[in-house]
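Here the structure is a predicted model, which is why all the values come from computation and not from measurement.
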Amino acid sequence: MRTATLGPEQRAQALAAMAERELDVLVVGAGVVGAGTALDAATRGLATGLVEARDWASGTSSRSSKLIHGGLRYLEMLDFALVREALKERGLLLERLAPHLVKPVPFLYPLQHKGWERLYAGSGVALYDAMSVSSGHGRGLPTHRHLSRRHALRVAPALKKDALVGALQYYDAQMDDARYVTTLVRTAAAYGAHVANRARVVGFLREGERVVGARVQDGEAGGEYEVRAKQVVNATGVWTDDTQALIGERGQFHVRASKGIHLVVPKDRIHSNTGLILRTEKSVLFVIPWGRHWIVGTTDTDWDLDKAHPAASSADIDYLLEHVNSVLAVPLTRDDVQGVYAGLRPLLAGESDATSKLSREHTVAHPVPGLVVVAGGKYTTYRVMAKDAVDEAVHALDQRVADCVTEDIPLLGAEGYKALWNTRARIAARTGLHVVRVEHLLNRYGSMAEDLLELITADPALGEPLAAADDYLRAEIVYAASHEGARHLDDVLTRRTRISIETFDRGTLSARECAELMAPVLGWDSKQIDKEVEHYEKRVEAERESQRQPDDLTADAARLGAPDIAPV
């Protein structure tokens with residue numbers, strides 16, 4: 001494999017290489033599906049390129065509920081095929097593909113009715129566990145258990161006594177979604193894909209009816225590249241319709257955006273040893289363990305405003321607080337909320353009744369020769385979506401191409417992770433880091449944690465935590481810029497780390513320290529450092545202002561008050 005370093009030099013080389021000779025496949029969009037598609041294509045031996053207008057996972061794929069799950073509620077809709085597929089993928093990720101990034105997480109489902117509800121919900125969860133095991137990849141998670149009210153309150157003392165008559169506990173899995181995508185992109189690059197972020201497709205190249213590539217604008221250095229490819233895959237999520245519009249063709253389906261918001265609160269505000277899943281009148285509400293925090297979400301409302309920066313309004317925040325407080329003995333207040341983030345789900349919307357049911361599934365289309373479109377689906381099944389997209393592209397290639405192998409391709413950091421985990425105490429003794437710090441690095445980088453330890457050996461000051469966000473080491477900020485493709489301060493504070501939602505200051509107190517750590521890697525002078533910090537502070541203030549607004553329209557207007565540092 002090639003190096004998986006994604007620094008400024010590698011980005012420039014990737015853009016030059018894509019423009020130099022025709023690719024087999026060019027993937028547009030580096031969310032989880034686009035990154036997965038690039039990995040799938042590269043590991044089949046195809047000459048592959050991946051371009052992203054902003055940062056890896058800067059859209060939907062960094063703003064999810066951070067869950068890898070089978071979709072327990074889809075059982076209620078009798079969508080057994082979707083659940084079975086997702087449970088197989090969950091098992092693969094936990095056991096083989098990314099054990100360093102995907103971890104089991106327990107959930108408590110409070111029962112509110114005696115008798116029938118325990119039988120009904122218990123049957124569903126038992127089927128969920130059985131389908132997981134039958135997939136061949138579900139033996140690593142504990143099975144569900146039935147709890148009395150007294151036992152449930154011992155596990156989750158935060159619950160009101162009258163909020164339940166008993167409970168079920170079951171397991172799913174979680175990950176840091178943005179970190180997962182970054183690792184996916186680096187894995188694709190390691191297998192030969194040319195990858196570049198801040199590289200926006202501004203038009204498609206045509207020969208008659210056929211799409212033969214794309215015009216790509218370099219959002220950093222300026223200039224435009226013509227990237228020719230035998231097949232182009234549009235994997236732009238909620239931007240699918242916008243990307244399709246660049247070729248002036250009506251799609252066979254449309255993608256509509258549904259907004260979901262999440263709150264991040266400190267761990268001590270909810271006294272529980274387990275996550276929670278609650279029914280609401282519209283959907284379900286999760287309270288998810290997240291390191292020293294909880295994530296509370298989510299909402300589900302149509303969104304037709306700015307796609308790049310969906311805004312959470314005051315009404316959204318009140319909705320979540322009202323519903324979670326209905327079961328908490330000590331209610332949460334606005335003052336408990338450390339972070340808020342909003343994301344958009346790409347839901348398929350057909351043009352007839354026959355296709356309207358697609359909204360919870362994914363589809364792949366070939367609307368014009370040379371262009372494949374993949375859309376819909378859910379994070380957990382990204383690998384299946386990527387396989388389907390590449391299969392469709394391969395049909396049109398005049399060459400023999402190997403079948404998909406990603407089921408057997410661990411992501412970078414997975415190989416050797418378990419051995420390093422078992423020797424973490426020795427690593428701590430050797431490096432002088434506390435064992436908790438070593439565990440933190442292993443669970444974020446897997447065996448690539450050795451790269452960070454080398455940075456710290458070369459410069460021991462990088463082994464110190466950030467002054468205002470001490471969950472993270474200074475080395476992680478340098479590494480984000482030198483190895484993970486971070487181009488701006490916002491990339492580091494919101495996606496390579498989660499400082500923007502895990503601190504009450506939203507990362508403003510860490511901004512300058514992080515910018516100064518990134519500067520030598522990215523060649524910033526003091527003027528650029530000041531600019532990065534100023535832009536980040538304006539972004540945070542615009543988000544805070546949007547969250548004080550009563551509705552979507554006013555929240556969107558407030559959020560757009562802060563321009564992007566690298567407009568695209």
Residues [X], [Y]: salt bridge by 4.0 Å N-O rule:
X      : Y      : answer
Asp490 : Arg495 : yes
Lys307 : Asp241 : no
Arg548 : Glu545 : yes
Arg539 : Asp564 : no

*asked:* For the NZ atom on Lys267, are there more than 12 heavy atoms of other groups (residues, nucleotides or ligands in this structure) within a distance under 6.0 Å?
replied: yes

Keeping [X] on the side-chain end and [Y] on the backbone end, is there a donor-acceptor pair under 3.5 Å?
X      : Y      : answer
Arg559 : Pro310 : no
Trp294 : Ile270 : yes
Glu532 : Cys514 : no
Ser546 : Ala558 : no

*asked:* I need the Asp302 CG to Arg256 CZ distance, nearest 0.5 Å.
replied: 5.0 Å

*If you round to the nearest 0.5 Å, how far is CG of Asp55 from OG of Ser62?*
8.0 Å

_If we check side-chain contact (heavy atoms from CB on, under 4.5 Å) with Ser313, which of these qualifies: Asp551, Leu553, Asp552?_
Asp552

*Does NZ or CZ of Lys66 come closer than 6.0 Å to the centre of the six-membered ring of Tyr341, within 45° of the ring's axis?*
yes

*asked:* Is any side-chain heavy atom of Tyr382 closer than 4.5 Å to one of Ser61?
replied: no

*Of Arg179, Lys103, His100, which is the lone residue that meets side chain to side chain donor-acceptor pair (under 3.5 Å) with Asn443?*
Lys103

When you check the side-chain N and O atoms of [X] and [Y], is any donor under 3.5 Å from an acceptor?
X      : Y      : value
Trp290 : Glu502 : yes
Asp177 : Ser64  : yes
Gln244 : His254 : no

*Does the side-chain contact (heavy atoms from CB on, under 4.5 Å) test come out yes or no for Lys259 and Asp316, once each step is laid out?*
CA-CA 10 Å; Lys259 184 180 73 169; Asp316 292 328; 2.5 Å; yes

*asked:* I need the full list of salt bridge (Lys or Arg N to Asp or Glu O under 4.0 Å) pairs touching residues 107-121, with sequence neighbours left out, sorted by first then second residue.
replied: none

_Once salt bridge (Lys or Arg N to Asp or Glu O under 4.0 Å) is applied, do any residues pair with Asp388, and if so which ones, sequence neighbours excluded?_
none

_Out of the candidates Arg444, Arg496, Arg498, only one should pair with Glu476 under the salt bridge (charged side-chain N to carboxylate O under 4.0 Å, His left out) rule; please name it._
Arg444

